[in-house]
Amino acid sequence: MTTPAHGELTVEAVRTRFTRWLEDHAGDLARFRTLPTEVDEVFASLSRLQRLLHEAGWIRLGWPEELGGLGGTVVLRGVVSEELAAAGYPPPFSFGTQEVLGPAVARFAAPDLARASLPRLLRGDETWCQGFSEPGAGSDLAALRMRAVDAGDHFVVTGEKVWTSWAQYADRCVLLVRTGAPGHRGITALFVDMDSPGITVSPLVAMTGEPDFCSLHLDEVRVPKDRVIGAVDGGWAVAMFVLSCERGVAAWQRQAWLRWRLGGLVEAAPQVADSRVGEAFELVHALRLLSRRTLRSLAAGSDLGVLPSFDKLLMSTAEKYLFDVALEAMPDTILFGGGTEARDWRNDYLYSRAASIYGGAAEIQRNIVAERVLGLPRE
Ligand SMILES: Cc1cc2nc3c(=O)[nH]c(=O)nc-3n(C[C@H](O)[C@H](O)[C@H](O)COP(=O)(O)OP(=O)(O)OC[C@H]3O[C@@H](n4cnc5c(N)ncnc54)[C@H](O)[C@@H]3O)c2cc1C
């Protein structure tokens with residue numbers, strides 16, 4: 001595969017070149033349409049897909065050249081993930097991480113750290129995880145307690161994280177720790193090597209039956225100070241930026257995938273009621289329009305404020321609704337079916353239940369909209 005993604009970097013030019021590339025390489029790419037059953041094999045297969053896309057240049061589009069990218073705006077990353085989903089391929093494993101954590105490292109890490117680490121993530125040489133939540137610090141993230149003690153040229157970190165998605169495969173972690181006073185002003189973001197002595201990773205099995213996330217125990221882990229992302233005690237800004245990225249290209253990728261799943265539902269269950277499909281289409285399309293606005297604002301460098309809370313709310317509503325309709329239309333397949341297709345519908349249905357929890361629970365988004373958009377009182 002040698003077709004480079006170089007050339008004119010307009011949205012339409014990239015879309016045309018990428019869809020043509022997908023068609024030209026359909027034979028080589030066919031093996032990625034159906035994923036293996038074992039999680040380890042899924043991970044390996046999606047990493048191979050990522051390397052292919054990186055080799056051909058597609059994954060480098062929309063990232064700055066000094067960080068291993070090919071330039072162009074963030075919208076190009078959205079185009080690549082959208083066309084990949086529309087052609088029926090799964091998103092490479094670290095697409096989500098790239099879009100959620102990659103921009104934060106690009107923006108807040110020291111240039112040397114960003115230059116050394118981001119290309120490895122884009123190439124699929126390594127994956128990262130997001131160590132934010134703790135027992136007792138989920139929605140109330142500012143209550144986090146993992147302690148980082150200043151020891152001169154490094155911090156000594158001790159404590160527990162939970163719900164860290166796919167940490168068992170991760171090479172690095174963007175970790176929030178307490179370096180100062182209680183509350184959001186005493187938090188620092190660190191870029192931690194997951195093979196550092198003192199880190200224990202324990203997979204947790206979700207209701208899909210897969211070890212989707214892990215708990216992390218850190219026992220006096222040494223983290224050099226050049227691994228601070230942003231400023232010491234300035235980790236809240238990094239955390240808020242990460243959460244806004246979850247509503248940027250990552251949300252756009254999700255809506256592209258939901259559109260593709262909706263098409264698959266109509267094919268798999270043509271008897272599904274028109275009104276239910278219509279409503280699912282409306283929700284997914286409304287999400288697409290909101291997400292497009294967010295992407296364009298990101299590309300223009302605008303401050304999004306609290307608006308992406310609407311994207312997050314609509315994303316979880318659309319995702320849950322779509323898979324509710326799927327369950328109604330194909331109860332036997334989803335509840336009892338064997339084979340990879342039934343398994344994928346079942347997993348996607350179960351995972352959709354989490355859409356209103358991860359990345360900021362729906363109730364919290366409603367609070368934000370109520371207080372900061374509608375001006376309602378805090379209590
Ligand atoms: C699939 C999945 C993947 C995840 N991956 C990661 C990851 O990679 N890294 C990571 O750090 N975390 C991850 N999380 C954790 C996620 O960020 C938290 O679950 C989420 O922030 C909610 O926190 P909590 O689970 O502690 O619930 P709580 O904060 O205890 O909330 C419990 C319930 O109370 C409601 N609630 C809480 N406070 C209020 C309030 N003030 N007003 C109204 N209602 C309220 C919540 O909305 C929720 O319904 C993941 C979670 C899931 C489900």
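Excluded from the calculations below are hydrogen atoms, water molecules and symmetry mates; all remaining heavy atoms, backbone and side chain alike, are included. Both ligands and their constituent atoms are indexed starting at 1 by order of listing. Residue numbers count from 1 along this sequence.
The salt bridge (charged side-chain N to carboxylate O under 4.0 Å, His left out) with Glu319 is formed by just one residue from the set Lys312, Arg254, Arg353; it is Arg254. With Arg172 as the fixed residue, the side chain to side chain donor-acceptor pair (under 3.5 Å) test singles out one of Thr127, Thr97, Asp193: Asp193.
Distance remark: protein heavy atom not present below 4.0 angstrom from atom 35 (C) of ligand 1. In this structure, atom 16 (C) of ligand 1 has a protein heavy-atom contact shorter than 4.0 Å. Under the 4.0 angstrom criterion, atom 30 (O) of ligand 1 counts as lacking any protein heavy-atom contact.
Within 6.0 Å of atom CD in Glu38, 12 or fewer heavy atoms from other residues, nucleotides or ligands are found, so the atom counts as exposed in its surroundings. By the 6.0 Å contact criterion, CZ on Arg33 is enclosed, its count of non-hydrogen atoms from other residues, nucleotides or ligands being greater than 12.
When only interatomic distances are considered, the shortest N/O to N/O separation between Tyr358 and ligand 1 does not fall below 3.5 Å. Of the polar atoms of Glu134, none of the N or O atoms is found under 3.5 Å from an N or O of ligand 1, judged by distance alone. Inclusion of Phe132 in the set of residues having an N or O under 3.5 Å from an N or O of ligand 1 is warranted.
The protein heavy-atom contact nearest to atom 18 (C) of ligand 1 is Ser133 OG, 4.0 Å. Atom 48 (C) of ligand 1 has Glu363 OE1, 4.1 Å as its closest protein atom, hydrogens excluded (heavy atom only). Ranking the protein heavy atoms by distance from atom 41 (N) of ligand 1 puts Asn367 ND2, 3.7 Å first. Atom 38 (N) of ligand 1 has as its closest protein heavy atom Ile364 CD1, 3.7 Å. From the protein, the heavy atom lying nearest to atom 9 (N) of ligand 1 is Gln130 O, 2.7 Å. Nearest non-hydrogen protein atom to atom 28 (P) of ligand 1 is Ser139 OG, 3.7 Å. Considering only non-hydrogen protein atoms, atom 5 (N) of ligand 1 sits nearest to Ser165 OG, 2.8 Å. Of the protein's non-hydrogen atoms, the one nearest atom 26 (O) of ligand 1 is Gly138 CA, 3.3 Å.
Nearest to atom 6 (C) of ligand 1 by heavy atom, out of Tyr351, Trp163, Phe213, is Trp163.
Met146 and Val162 fall into different hydrophobic clusters, where Ile, Leu, Val, Met, Phe, Trp and Tyr side chains are chained together by heavy-atom contacts under 4.5 Å. Note on Ile229: it does not cluster hydrophobically with Met194, by side-chain heavy-atom contacts below 4.5 Å among ILVMFWY residues.
Inspection of the Glu126 and Trp128 side chains reveals an N or O donor paired with an N or O acceptor under 3.5 Å.
Salt-bridge formation is not detected for the pair Arg276/Asp324: no Lys NZ or Arg NE/NH1/NH2 atom is positioned less than 4.0 Å from an Asp or Glu carboxylate oxygen. The existence of a salt bridge linking Arg15 and Glu82 is confirmed by a sub-4.0 Å separation between a basic side-chain nitrogen and an acidic carboxylate oxygen.
Assignment of Trp166 to the shell around ligand 1 is not supported, since no heavy atom sits closer than 4.0 Å. Between Ile357 and ligand 1 there is a heavy-atom distance shorter than 4.0 Å.
Within the model, atoms CG of Asn347 and CG of Asp212 stand 8.0 Å from one another, a figure rounded to the nearest 0.5 Å.
In Leu141, neither the side chain nor the backbone holds a heavy atom less than 4.0 Å from any atom of ligand 1.
Phe132 does not carry Lys161 over the face of its six-membered ring by the limits of under 6.0 Å from the centre and within 45° of the normal.
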